[in-house]
Colleague: 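Questions regarding the structure given below will be posed in turn.
Predicted model, so just to flag it, every value in this text is computed and none were measured.
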Amino acid sequence: MIEKASMFKLSYGLFVLTAKKGEKDNGCIINTVSQVTDSPLRISVTVNKQNYTHDMIKETGVFNVSVLTEDVPFSVFQHYGFKSGRDTDKIIGSSMPRGENGIVYLNEYTNAFISGKVIDEVDCGTHTLFIADVTEAKILSDAPSVTYQYYFDNIKPKPQEKKKGFVCTVCGYVYEGDELPEDFVCPVCKHGADVFKPL
C-alpha cells in the first residue's frame with residue numbers, strides 16, 4: 001500500500017534506514033532522503049559506505065526509511081548512530097513491525113515509513129546514492145518530522161560547561177570561583193590553599 005501523502009513527511013530531517021540480509025536486520029541514521037519523481041513514485045537515499053546497512057542494501061536492493069518525529073529521544077540516535085560501522089547486531093530478533101518487504105521499521109517516534117526497491121545507484125566517493133521505486137508507504141502519525149536544526153536545538157545534549165574553581169587534593173572539596181584566596185582554608189579538612197589545584 002502506498003500513501004502518497006507520506007512524501008510530505010520528508011524534509012531536511014533525520015531518518016532511520018533499515019535493511020535485512022538473511023536473518024539479520026541492521027539500521028543507521030541518515031539525513032538525506034529525497035523524492036525524485038512522482039510517477040512512478042521514486043526516492044533517493046545517500047548512505048555512508050562504512051555502514052553495514054549500506055552493504056545490505058547493495059546486496060539485497062531493498063530498504064525501509066523511518067521518518068522520525070520531533071519527540072524522538074536521544075537514545076534512538078545513540079542506538080543507531082550516524083555511522084554503524086560493521087555492527088551487524090543492531091536489531092537482530094527485533095519485535096518491531098515489518099514492512100511488506102520483510103524489513104523492520106520503527107513504529108514509535110515515527111510519523112511515516114517508506115519502503116524502497118533500488119533501481120539505480122551512483123558512487124559518490126565515501127557514499128552511495130541509491131535511487132529506488134517506492135513499494136510501500138504509510139503514515140503513522142501527524143507529528144512533525146524532526147529536522148537537523150531541531151535535533152541540535154532540542155534533542156542533542158548540550159556540552160557541559162566546565163566549572164571554574166579549585167579542588168582540594170586531600171579531601172576533594174571544590175571551591176568554585178576564578179581565583180582561590182591565598183589564605184583560604186578548606187572547610188572540610190582544614191588544609192590551606194597550597195593543597196588545592198585548578199579544576
Colleague: Report yes if the distance between the aromatic ring centroids of F166 and F196 is under 6.0 Å, otherwise no.
Modeller: no
Colleague: Is there a side-chain contact (heavy atoms from CB on, under 4.5 Å) between F15 and L10? Walk through the geometry before answering.
Modeller: CA-CA 9 Å; F15 317 92; L10 296 177; 3.9 Å; yes
Colleague: Counting only N and O atoms by type, is there a donor-acceptor contact under 3.5 Å from the side chain of E136 to the main-chain atoms of I2?
Modeller: no
Colleague: Are any of the side-chain nitrogens in D133 or R42 under 4.0 Å away from the carboxylate oxygens of its partner?
Modeller: yes
Colleague: How about CD on E182, more than 12 heavy atoms from neighbouring residues, nucleotides or ligands closer than 6.0 Å, or not?
Modeller: no
Colleague: Should I30 and L14 be marked as a side-chain contact (heavy atoms from CB on, under 4.5 Å) after you check the CA-CA gap, both sets of side-chain angles, and the distance that decides it?
Modeller: CA-CA 6 Å; I30 61 172; L14 294 167; over 6 Å; no
Colleague: Rounded to the nearest 0.5 Å, how far does CG of L129 lie from SG of C124?
Modeller: 5.0 Å
Colleague: Please say whether more than 12 non-hydrogen atoms of neighbouring residues, nucleotides or ligands are located less than 6.0 Å from NZ in K4.
Modeller: yes
Colleague: Should V118 and F63 be marked as a side-chain contact (heavy atoms from CB on, under 4.5 Å) after you check the CA-CA gap, both sets of side-chain angles, and the distance that decides it?
Modeller: CA-CA 8 Å; V118 176; F63 60 83; 3.9 Å; yes
Colleague: For the pair T18 (side chain) and G27 (backbone), establish whether a donor and an acceptor sit closer than 3.5 Å, ignoring hydrogens and angles.
Modeller: no
Colleague: Are D25 and R98 close enough for a salt bridge, meaning some N to O gap below 4.0 Å?
Modeller: yes
Colleague: For residues 59-68, pull every pair meeting salt bridge (Lys or Arg N to Asp or Glu O under 4.0 Å), keeping only residues two or more places apart or in separate chains.
Modeller: K21-E59
Colleague: Measuring from atom CD of E121 to atom CD1 of I131, what distance do you get when rounded to the nearest 0.5 angstrom?
Modeller: 9.5 Å
Colleague: Test your reading of the model: is there a side-chain donor-acceptor pair from S141 to the backbone of A143, 3.5 Å cut-off?
Modeller: yes
Colleague: Do other residues, nucleotides or ligands put more than 12 heavy atoms under 6.0 Å from the CG atom of D153?
Modeller: yes
Colleague: Are side-chain heavy atoms of V47 and T128 found at a separation under 4.5 Å?
Modeller: no
Colleague: Has the side chain of D123 got a donor or acceptor atom that lies under 3.5 Å from a matching backbone atom of G125?
Modeller: yes
Colleague: When you compare the side chains of T69 and N111, does any donor N or O come within less than 3.5 Å of an acceptor on the partner?
Modeller: no
Colleague: Atom CZ of F74 and atom NE2 of H79: how far apart are they, to the nearest 0.5 Å?
Modeller: 13.5 Å
Colleague: With side-chain contact (heavy atoms from CB on, under 4.5 Å) as the test, would you mind laying out the steps for S115 and F113 before giving the verdict?
Modeller: CA-CA 7 Å; S115 299; F113 91 90; 3.5 Å; yes
Colleague: Keeping E70 on the side-chain end and N154 on the backbone end, is there a donor-acceptor pair under 3.5 Å?
Modeller: no
Colleague: Report yes or no: does N64 contribute a side-chain atom to a donor-acceptor pair with the main-chain N or O of I103 at less than 3.5 Å?
Modeller: yes
Colleague: Would you call the rings of Y151 and Y148 parallel, tilted or perpendicular if under 30° counts as parallel and over 60° as perpendicular?
Modeller: tilted
Colleague: If you count every heavy atom of other residues, nucleotides or ligands that lies below 6.0 Å from K197 atom NZ, does the total exceed 12?
Modeller: no
Colleague: Taking all atoms of both residues into account, what is the closest heavy-atom pair of V134 and A137, and its distance?
Modeller: CG1-CB, 4.1 Å
Colleague: Once rounded to the nearest 0.5 Å, what's the spacing between atom OG of S6 and atom CD1 of I114?
Modeller: 4.5 Å
Colleague: Quick one: does any side-chain atom of K20 pair with a main-chain N or O of G22 as donor and acceptor, under 3.5 Å?
Modeller: yes
Colleague: Below 6.0 angstrom between ring centroids: does that apply to F130 and H54?
Modeller: yes
